[in-house]
J.: 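What follows is a single structure, and I will ask about it in a moment.
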Number of protein chains: 2
Amino acid sequence: MARHFWAVEALSALAHDTRLRVFRLLVQAGAEGMTAGAIAAAVDVPASTMSHHIATLERAGLAQSERESRMIHYRADYDGMRRLLSFLIEDCCQQRPEMCADLVSAMACKP
Amino acid sequence: MARHFWAVEALSALAHDTRLRVFRLLVQAGAEGMTAGAIAAAVDVPASTMSHHIATLERAGLAQSERESRMIHYRADYDGMRRLLSFLIEDCCQQRPEMCADLVSAMACKP
DNA sequence: GCAATATTTCCATATTTCTCAAAATATAGG
DNA sequence: CCTATATTTTGAGAAATATGGAAATATTGC
């Protein structure tokens, strides 16, 4: 299992229906994050299954956890995601600016 | 196999060491693209294995093919990649501009 | 210490993906 | 039509990933 690119791990983590959904949820949840239970309930997946998926996101550097009494809060790791996006964009812009052309407009982060 | 997000297919395609390498190669190759054989040779992978990987990229909308006499030229599908990047960025910027903050600089496509 | 709650880890199974040799297809040039 | 080249498809075994129940761990309150 020779993973030359760290990015592969991050891409793999997002390349799953449930996990992509969870990541989107976490992004929306913001700094507060969500408890493991809340996530599992929102996506309707058994706790143990969800635990695996969240762990995968965390290993990939796309989520962070913090225990708060009995619950564990998870939140999106913006830094990790930014790293991944930068990698993809830099890689692609390398010689072909046309690929990133309209991306700026996508970045018009609406309030 | 309920794939709710089309993006999952694109992410899966890139979430593999060999395929990510091939995609990067194709981006660098530009409009000319590369023949299947050249790709397989560059990455040092048997032809049949490579054929599967390239097909995966093509299905995911990240590569395009065009036969040219006996060879088949493959090139990166910039449109597909831009779609994926837009999806990821829009999704993340949604409420958290801090995630996309430094991305603009990554987009300073150097000549 | 015990019961209740929140979550993970263990374990086994099911499914998917990966790999590549061998056979099939496509094209070009005698 | 035959041969050579370029590539894909087929097929089958190996490896990785996904899934979820049951057991284990952690925390709190009584």
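Labels below follow one simple rule: chain letters A, B, ... track the order of the sequence lines, proteins then strands, and each chain is numbered from 1.
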J.: Hey, does the side chain of A/H53 come within less than 4.0 Å of D/dT19's phosphate (OP1/OP2), counting only N and O?
T.: yes
J.: I need the B/E9 CD to A/D17 CG distance, nearest 0.5 Å.
T.: 12.5 Å
J.: Check A/F23 against A/L57 and note the closest heavy-atom contact, atom names and distance.
T.: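 For A/F23 and A/L57, the tightest heavy-atom pair comes out as N-CD1, 4.4 Å.
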J.: Give the cluster check for A/M71 versus A/V45: same hydrophobic cluster or not, with ILVMFWY residues linked at side-chain heavy-atom distances below 4.5 Å.
T.: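 No, A/M71 and A/V45 fall in different hydrophobic clusters.
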J.: For the side chain of B/H52 and the base of C/dC20, is some donor closer than 3.5 Å to an acceptor across the two?
T.: yes
J.: Rounding to an integer number of Å, can you tell me how far A/M50 CE sits from C/dT8 P?
T.: 10 Å
J.: Could you check which of C/dT8, D/dT27, D/dT8 has an atom nearest any side-chain atom of A/A47?
T.: C/dT8
J.: Under 4.0 Å between any heavy atoms, over every strand shown, what does A/T35 touch: base, sugar-phosphate, or nothing? Just pick one.
T.: sugar-phosphate
J.: Specify the residue among A/M71 and B/R19 whose closest nucleotide of DNA chain C lies further upstream toward the 5′ end.
T.: A/M71
J.: Give the rounded distance in Å between these two atoms: CZ of A/R59 and P of C/dT8.
T.: 12 Å
J.: Please state whether the phosphate of D/dT8, meaning OP1 or OP2, lies under 4.0 angstrom from any side-chain nitrogen or oxygen of B/S51.
T.: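 B/S51 to D/dT8 OP1/OP2: side-chain N or O found under 4.0 Å.
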J.: When we call it a touch if two heavy atoms are under 4.0 Å apart, what does B/S69 touch: a base, just sugar-phosphate, or nothing?
T.: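 Sugar-phosphate only.
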J.: I need the CZ-P distance between A/R67 and D/dT25, as an integer number of Å.
T.: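 To the nearest whole Å, that distance equals 13 Å.
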J.: In whole Å, I'd like the distance from the CD1 atom of B/I39 to the P atom of D/dA6.
T.: 14 Å
J.: Taking N and O atoms by type only, does the side chain of B/S48 place a donor or acceptor under 3.5 Å from a partner on the base of C/dA21?
T.: yes
J.: In terms of side-chain heavy atoms of A/R70, which of D/dT19, C/dT19, C/dT5 is nearest?
T.: C/dT5
J.: Atom CD of A/E68 to atom C1' of D/dA26: distance rounded to whole Å?
T.: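 From A/E68 CD to D/dA26 C1': 15 Å.
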J.: CD/A/E66 to NE2/A/H73 distance, rounded to the nearest 0.5 angstrom?
T.: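 NE2 of A/H73 is found 8.5 Å from CD of A/E66.
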J.: Check the distance between C/dC18's C1' and B/I54's CD1 and give it to me in whole angstrom.
T.: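 Between C1' of C/dC18 and CD1 of B/I54: 15 Å.
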J.: With rounding to the nearest 0.5 Å, note down the distance linking CG in B/L26 to CG in B/L62.
T.: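 Here the rounded value is 10.0 Å.
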J.: Within the 4.0 Å heavy-atom criterion, would you say B/T18 contacts the bases, only the backbone, or no part of the nucleic acid?
T.: nothing
J.: With a cut-off of less than 4.0 Å, is there a side-chain N or O of A/Y74 near OP1 or OP2 of C/dA6?
T.: no
J.: Over how many whole Å does the gap from A/E9 atom CD to D/dA16 atom C1' extend?
T.: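 A/E9 atom CD is separated from D/dA16 atom C1' by 14 Å.
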J.: What is the distance from CG of B/D44 to P of C/dT19, rounded to the nearest Å?
T.: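 Distance, rounded to whole Å: 13 Å.
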